[in-house]
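Any value given below was found using the heavy atoms of this structure, including those in side chains, with hydrogens, waters and symmetry copies removed.
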Amino acid sequence: MLWVMQFSGFFSAAMLMIVLSPSFQSFPPAEAIRSSHLHAYLRLPSYQVSSSTYSPLDRFSFRKASEFGNADKCRSTDHKITGVCDPSLVHVAITLDVEYLRGSIAAVHSILQHSLCPENVFFHFLVSDTDLETLVRSTFPQLKFKAYYFDPAIVRNLISSSVRQALEQPLNYARNYLADLLEPCVRRVIYLDSDLVVVDDIAKLWSTNLGSRTIGAPEYCHANFTKYFTSSFWSAERFSGTFKGRKPCYFNTGVMVIDLVNWRRVGYTKRIERWMEIQKTDRIYELGSLPPFLLVFAGRVAPIEHRWNQHGLGGDNVRGSCRGLHPGPVSLLHWSGSGKPWDRLDSRRPCPLDALWAPYDLYRHSH
């Protein structure tokens, strides 16, 4: 458990890392792409057959993570986890791409370090490069996971220009397709961005009561919700009327608990795609993959404690601004924004809170 406290302009942090005995099992990615109805999303790129092409393994080197195992209270003498459909698993989905790979590895590392039952956590990695699966396996040799290649062509014609080019990357939209990508037996999943660390037991987030809602997330109703859409959106009743009868609040899509059963039943992927199609012709927002989620779900979100998304810590690298913590307890630290802790640490210009990310970094620097 990591406890974070902030006092008048500075913070102090104390960490207790509990390393338990190992007993992980890895699952080959071939199982993840065996179903014919997933081929549209999981079509493998043609370049993977060439041995001479560039591999992210040439650019990155990570230390092997310490081994982890369940606490005694997690163990069951009559139950052995057999695969992805096991009902005792906690399912976590994270994207893996070259630009944010270092952050994703740190996120996984943090989850394992703070989980009481790390053997019960199953990771679903949405990848832009199939070589990344090998890198994950070498860093976490006993991790339970599957890798799913997400074909950029699925969303390329739906993506509009954004205020930041990074928000236009196809993999940002892969979370829209989790209900299709993951096996039908996976009924719930926690989706996490790559620029965060979890400093509490992920099982607590997993146990969130969603009630009749499809997604749960920390909501921020004090935020100016109107700024997430253009004036032409608010002036057209056919668009703004979508919020009629709702009390929409901003929520950050980097931390969500998703009921995949409800998602599949209602068909929310198509609803999100429909708003993306409207955006192509009517320009109703500026912020990439977030607004379609707000259009479909804002005002219909199961609220989760703010401790599970202390977001905005990225600040702004151009302006050199750093952010502090929001008041209250902390279970997850999220460097959303343009600044990332690994970039600032490497440039020797870190923000104070970047020191809380550094212990989970497994990147092996070349000397």
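At least one donor-acceptor pair under 3.5 Å links the side chain of S194 to the backbone N or O of T95. A donor-acceptor distance shorter than 3.5 angstrom exists from the side chain of D354 to the backbone of C351, with no hydrogens or angles considered. In this structure, the side chain of R246 engages the main chain of A298 through a donor-acceptor pair within 3.5 Å. The backbone N or O of K64 lies less than 3.5 Å from no partner atom in the side chain of S138, so there is not a single donor-acceptor pair. T269 places a side-chain N or O within 3.5 Å of a backbone atom of N176 that can act as its donor or acceptor partner. When atom types are taken as modelled, the side chain of N70 and the backbone of E119 share a donor-acceptor pair closer than 3.5 angstrom. Judged purely by atom type and a 3.5 angstrom limit, S110 uses its side chain to pair as donor or acceptor with the backbone of A107. Looking only at distances, a side-chain donor or acceptor of Q310 sits under 3.5 Å from a matching main-chain atom of H326. With D201 contributing its side chain and K204 its backbone, the two residues share no donor-acceptor pair below 3.5 Å. Here the side chain of H334 pairs no donor or acceptor atom with the backbone of L192 at under 3.5 angstrom.
Taking a cutoff of 4.0 Å between a charged side-chain nitrogen and a carboxylate oxygen, R102 and E99 do not qualify as a salt bridge. Between R238 and D282, at least one side-chain N (NZ, or NE/NH1/NH2) sits under 4.0 Å from a carboxylate O, which counts as a salt bridge. Salt-bridge annotation for K280 and E277: absent, with no side-chain N of the basic residue lying under 4.0 Å from a carboxylate O of the acidic one. One finds a salt bridge joining E183 and K146 here, because a Lys/Arg side-chain nitrogen approaches an Asp/Glu carboxylate oxygen to under 4.0 Å. Salt bridge annotation for D151-R156: absent, with no cationic side-chain nitrogen under 4.0 angstrom from a carboxylate oxygen.
Proximity of W275 to I284: side-chain heavy atoms (C-beta onward) are separated by under 4.5 Å at one or more points. With a 4.5 Å cut-off on side-chain heavy atoms, I159 and P170 count as touching. At least one side-chain heavy atom of L333 sits less than 4.5 Å from a side-chain heavy atom of L325. I81 has its side chain within reach of L89: a pair of non-hydrogen atoms, C-beta onward, lies under 4.5 Å apart. Side-chain atoms of M256 and F293, non-hydrogen and from C-beta on, do get closer than 4.5 Å to each other. Here the side chains of W335 and R323 are not in contact, with every heavy-atom distance at 4.5 Å or above. Counting heavy atoms from C-beta on, the side chains of V257 and R188 come closer than 4.5 Å. Between H91 and V84, the closest side-chain pair of non-hydrogen atoms falls below 4.5 Å.
The aromatic rings of F150 and Y177 are tilted relative to each other, their planes meeting at an angle between 30° and 60°. Ring-plane geometry between F233 and F229 is classed as parallel, the angle between the planes falling under 30 degrees on a 0 to 90 degree scale with a further cut at 60. Classified by interplanar angle (parallel below 30°, tilted 30° to 60°, perpendicular above 60°), the ring pair F122/H124 is tilted. Note: F140 and H109 have tilted aromatic rings, judged against thresholds of 30 and 60 degrees for the angle between ring planes. Aromatic ring pairs are classed by plane angle as parallel below 30°, tilted from 30° to 60° and perpendicular above 60°; the pair W342 and W357 is tilted. Between Y363 and F62, the ring planes lie perpendicular to each other; the angle is over 60°, past the 30° to 60° tilted range. Taking the six-membered ring for Trp and thresholds of 30 and 60 degrees, F297 and W263 have ring planes inclined between 30 and 60 degrees apart.
Residues A147 and V127 approach most closely at CB-CG1, 4.3 Å, considering heavy atoms. A pairwise comparison of heavy atoms in S115 and V121 identifies OG-CG2, 4.1 Å as the closest pair. Minimum interatomic distance between Q279 and Y285 (heavy atoms only, all atoms of both residues): NE2-O, 2.8 Å. Closest heavy-atom contact between H114 and V199: CD2-CA, 3.7 Å. In terms of heavy-atom proximity, R344 sits nearest to L313 at NH2-O, 3.4 Å.
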key: Steps toward side-chain contact (heavy atoms from CB on, under 4.5 Å) verdict (V108, L143)   = CA-CA 10 Å; V108 172; L143 191 69; 4.2 Å; yes
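Atoms CH2 and CZ, from W234 and F243 in turn, are 5.0 Å apart once rounded to the nearest 0.5 Å.
Taking the six-membered ring for Trp and the full ring otherwise, the centers of H306 and Y220 sit less than 6.0 Å from each other.
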